[in-house]
Number of protein chains: 2
Amino acid sequence: MHRMARRAETIDLAVLGLLHEGPMHGYELRKRLNLMLGWGRVLSYGTLYPTLKRLLRAGLIEESPGSPTAVTGRPKIVYTVTDAGHEEFERLMSEAGPTAWEDDNFDIRFAFFSRTDMEIRLRVLEGRRMRLQERLDRVQRELSMTQAEVDRYAAELQRHGVESVEREVRWISDLIRAERGEGDPGSGPEPAPQPSGPA
Amino acid sequence: MHRMARRAETIDLAVLGLLHEGPMHGYELRKRLNLMLGWGRVLSYGTLYPTLKRLLRAGLIEESPGSPTAVTGRPKIVYTVTDAGHEEFERLMSEAGPTAWEDDNFDIRFAFFSRTDMEIRLRVLEGRRMRLQERLDRVQRELSMTQAEVDRYAAELQRHGVESVEREVRWISDLIRAERGEGDPGSGPEPAPQPSGPA
DNA sequence: GTTAGCATGTAAGGAGTTACATGATTTT
DNA sequence: AAAATCATGTAACTCCTTACATGCTAAC
């Protein structure tokens, strides 16, 4: 009972998901990851390479020596996802963890939505919306309880925060609507008819 | 050259800032902090109490025994900010650190804007706007370089991200305008005529 | 030929969380 | 009197970053 779902699973998910596009080596993976995680932080080698080793030991990915040009000490190691890795990917995509875990992983899950079915997509989206709404309610409750003189700037920060979350909720709601009524794209994302060829 | 500005300074700033409102003990501080940091994470005792000890050793805060009702082992310890603590607060409010540092601390600094002068406020706001714009430019550059088939959902996530940051930039711009032209509140925060009674 | 970028790793340390440990005070 | 909440702390552990260490390959 002392070892619940590690948070490192975010990186696992990202790596496994990216490797679905085809074999890749660490350096390339890192670049893609940094684009994907994007807004801010970059992933360091000190995290990536140990993670790859761990996934390897767990049998979720396999390493294959790259081109035979690399006869030196360390050849360019190319990783592929295994069947077990694919299963783990699907588990992580659909898993319902604690609030913080799901919040941390929402973006990365969303980015891989094409590789899941609609049922999962709706579950993830609705879970996200519910949590955002709960936070909104909590903050608004706390605000109404605090009748202490609110600082002008602190109040503005709160207002902006609430507005941002409300906007996020509307975004999610649009996405849910688009998922459900496929073919009725009022203002959602493009229909994009191609069914995504595998690899 | 191996010990640049610690990131823990965020909590230092928050604690020092809150103690300006009057003496407080740890438990109360934590509640206020959690309201303030708000959207998500809560601060744990395992961080707060060691932080208080550290600030105490550094002479930035002072502890005074609370009411004499507490004759037992651990009395309710009430903390006050010292002169040195006030100086450190002002330093942290105006300090220009690396990008990540300033981004991490923007919210907390903003919340304490009432306790600084306009010069600092403008500097912090303009710094924030500049960094957001830079990120926006970088992402847009990367997007134009990546002509690889973009996944439908990944693209939507990007679009939403860009939109959010653009909105943030507009918010900051409004605030800057409001700061500069005090008395010309087009659509900025409320004028709020009361000068905030101390405690 | 030397700089810049590709490529893979390890060691040390920072920052914070969880879980544990303890006891006082207030509410039910 | 039991339960909840106030209140203070410590130890172990996790995750990640920084800095170091190494060498190949392409561009200038």
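The chains referred to below are lettered A, B, ... by the order of the sequence lines, with proteins before strands, and numbering in each begins at 1. Small disclaimer: the values here were computed from a predicted structure and weren't measured.
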Asks: Charged N to carboxylate O under 4.0 angstrom, A:R115 versus A:E21?
Replies: yes
Asks: Which nucleotide, D:dT18, C:dC6, C:dG9, lies nearest any side-chain atom of A:K31?
Replies: C:dC6
Asks: Centres of the B:F112 and B:F89 rings: under 6.0 Å?
Replies: yes
Asks: Rounded to whole Å, please give me the gap between CZ in B:R30 and P in D:dT5.
Replies: 13 Å
Asks: Over how many whole Å does the gap from B:R54 atom CZ to D:dG9 atom P extend?
Replies: 15 Å
Asks: To the nearest Å, how far apart are B:Y45 OH and C:dG16 P?
Replies: 17 Å
Asks: Measure from the side-chain heavy atoms of A:L43 and tell me the nearest of D:dT5, D:dT17, C:dA7.
Replies: D:dT17
Asks: Whole angstrom is fine here: how far is it from CG in A:L48 over to P in C:dC6?
Replies: 15 Å
Asks: Out of C:dG9, D:dG9, C:dT17, which has the shortest distance to the side chain of A:Y79?
Replies: C:dG9
Asks: Can B:E102 and B:R131 be counted as an ion pair, charged N to O under 4.0 angstrom?
Replies: yes
Asks: Where the side chain of B:S44 is defined as all heavy atoms beyond and including C-beta, which of C:dT17, C:dG5, D:dT8 is the nearest nucleotide?
Replies: C:dT17
Asks: Whole angstrom is fine here: how far is it from CG in A:L52 over to P in D:dC16?
Replies: 13 Å
Asks: Of all the choices, D:dG9, C:dC6, C:dT17, which nucleotide is nearest to the side chain of B:T47 once you look at every atom?
Replies: C:dT17
Asks: Side chain of A:P50 only, please: which of D:dT17, C:dA7, C:dT10 is the nearest?
Replies: C:dT10
Asks: Between D:dG23 atom C1' and A:Y27 atom OH, what is the distance in whole Å?
Replies: 14 Å
Asks: Between B:R152 and A:S114, is there a side-chain donor-acceptor contact under 3.5 Å, judged purely by atom types and distance?
Replies: no
Asks: Taking only Lys NZ, Arg NE, NH1 and NH2, and the carboxylate oxygens of Asp or Glu, determine whether A:R159 and A:E163 approach each other closer than 4.0 Å.
Replies: yes
Asks: Please report the distance, rounded to the nearest Å, between OH in B:Y49 and P in C:dG16.
Replies: 17 Å
Asks: Counting side-chain heavy atoms from CB outward, which of C:dG9, D:dC16, C:dT8 is closest to A:H25?
Replies: C:dT8
Asks: Rounding to a whole Å, what distance do you find between A:D104:CG and D:dT14:C1'?
Replies: 14 Å
Asks: A:K53 side chain: which of C:dG5, D:dT8, C:dT10 is closest?
Replies: C:dT10
Asks: Nearest to the side chain of B:K76, heavy atoms from C-beta on, is which of D:dA7, D:dT18, C:dG9?
Replies: D:dA7
Asks: NA contact type, A:G46, heavy-atom cut-off 4.0 Å: base, sugar-phosphate, or nothing?
Replies: base
